[in-house]
Number of protein chains: 2
Amino acid sequence: MQTWSAGWTAGSRGPLEGDSQGGAADRAREIVGRVGDKWTVAVVHALGNGPLRFTEIRRGVDGISQRMLTTTLRALERDGLVLRTVYPEIPPRVDYELTPVGRSLLDTLWLLMNWAVVHTEDIDRARREYDAK
Amino acid sequence: MQTWSAGWTAGSRGPLEGDSQGGAADRAREIVGRVGDKWTVAVVHALGNGPLRFTEIRRGVDGISQRMLTTTLRALERDGLVLRTVYPEIPPRVDYELTPVGRSLLDTLWLLMNWAVVHTEDIDRARREYDAK
DNA sequence: CGGTATCCACTTCGATACTG
DNA sequence: CAGTATCGAAGTGGATACCG
């Protein structure tokens with residue numbers, strides 16, 4: 001045994017320069033975390049073809065519960081990414097559609113989805129190899 | 001009161017065609033959810049400038065706990081996005097670096113980060129307006 | 001239809017302590 | 001330094017019931 005009380009005061013040049021000091025990158029990461037969440041991605045993607053009603057989204061996004069759909073849509077509405085329109089009819093009708101900013105997000109998300117599709121095999125293989133230990 | 005027992009068998013053309021049937025889109029969404037998570041984005045981003053040691057990443061990614069850094073790195077390693085290299089020295093030294101696939105992810109994530117930076121103001125304003133009710 | 005409200009199982013994550 | 005182990009607080013999300 002030994003305690004390595006000496007030897008690690010040296011080294012460690014500072015990488016990441018210009019990152020941790022400015023709050024901008026942190027904010028960006030927060031937003032990415034918000035918007036990169038599973039249900040958000042699915043819902044934004046579902047709205048890509050035009051306005052949809054609540055139930056239509058629910059049918060399109062497989063496995064989402066009513067509560068999570070409501071929560072996700074509220075968050076998107078709050079961030080100005082989705083526009084909610086209520087038609088005071090009987091029966092009630094509510095349409096959801098992407099705002100221009102929401103559509104710009106979809107463009108970017110689509111790139112990420114595409115990355116995922118392209119690399120699905122790589123990832124699956126890597127997982128199998130890793131798990132084989 | 002009234003129950004609207006009639007009136008909603010009609011309507012609802014099926015949008016989302018080609019989505020919910022193929023499991024590919026679901027898989028892609030799963031991966032996006034995995035990889036779009038807050039800490040993952042931050043760590044991958046931190047590794048963008050080259051290999052880093054555990055502690056260096058921790059310093060660079062503000063607010064991450066030791067446990068979450070370990071967990072995040074293991075998941076990235078398992079998915080083949082990060083390469084972990086152990087140098088059997090005293091004191092111990094472990095380097096983490098992006099694999100080629102990991103770097104391709106970073107390229108895409110960078111676009112998303114950039115989107116977030118560009119639209120931070122829009123989102124903040126939308127939130128303020130929404131909350132003012 | 002399009003929600004809201006409630007309960008609760010399960011997961012996530014930070015703090016803390018300990019190891020090679 | 002680079003972790004692992006454990007615990008408890010907090011958050012997440014599904015199931016269910018009910019309303020305009």
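All of these numbers come straight from a predicted model, not from anything done at the bench.
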*Rounded to the nearest angstrom, tell me the gap between atom CZ in B:Arg93 and atom C1' in D:dG3.*
16 Å
*asked:* Under 4.0 Å, counting only non-hydrogen atoms across every strand here, what does A:Tyr87 touch: a base, just sugar-phosphate, or nothing?
replied: nothing
_Closest to the B:Pro92 side chain, choosing from D:dG14, D:dC1, D:dG20_ = D:dC1
*Think B:Thr55 has a side-chain N or O under 4.0 angstrom from the OP1 or OP2 of D:dA2?*
yes
*What about B:Leu111 and B:Leu47, same hydrophobic cluster or not, with Ile/Leu/Val/Met/Phe/Trp/Tyr joined at side-chain heavy-atom distances under 4.5 Å?*
no
_Heavy atoms from C-beta onward define the side chain here; which of C:dG14, C:dC1, C:dG2 lies closest to that of A:Arg84?_
C:dG2
*Does B:Leu52 share a hydrophobic cluster with B:Tyr87, counting links as ILVMFWY side-chain heavy atoms below 4.5 Å and allowing steps through other members?*
no
*Does A:Tyr96 place a side-chain N or O at less than 4.0 Å from the phosphate oxygens OP1/OP2 of C:dG3?*
yes
_Euclidean distance, atom CZ of residue B:Arg58 to atom P of C:dG14 [Å, nearest integer]_ = 10 Å
Could you pull out the protein-nucleic contacts involving nucleotides 4-7 of chain C (nitrogen or oxygen on both sides, under 3.5 Å)?
residue	atom	partner	partner atom	Å
C:dT4	OP1	A:Arg74	NH2	3.4
C:dT4	O4	A:Gln66	OE1	3.2

_Do A:Arg84 and A:Leu76 have side chains that approach each other closer than 4.5 Å (heavy atoms only, starting at C-beta)?_
no
*Taking OP1 and OP2 of C:dG2, is either one under 4.0 Å from a side-chain nitrogen or oxygen of A:Arg53?*
yes
_Comparing B:Leu73 and A:Ser65 on DNA chain D - which has the more 5′ nearest nucleotide_ = B:Leu73
*Is a side-chain donor or acceptor of A:Thr72 paired with a backbone partner of A:Thr40 at a separation under 3.5 angstrom?*
no
_Tell me the closest heavy-atom pair linking A:Val61 and A:Ala46, and the distance in Å._
CG2-CB, 3.9 Å
*Quick one: B:Asp37 CG to D:dT12 C1', roughly how many Å, whole number?*
14 Å
*asked:* Closer than 4.0 angstrom, basic N to acidic O: yes or no for A:Arg93 and A:Asp95?
replied: yes
*Just how far, in rounded Å, is C1' of C:dG20 from CZ of B:Phe54?*
15 Å
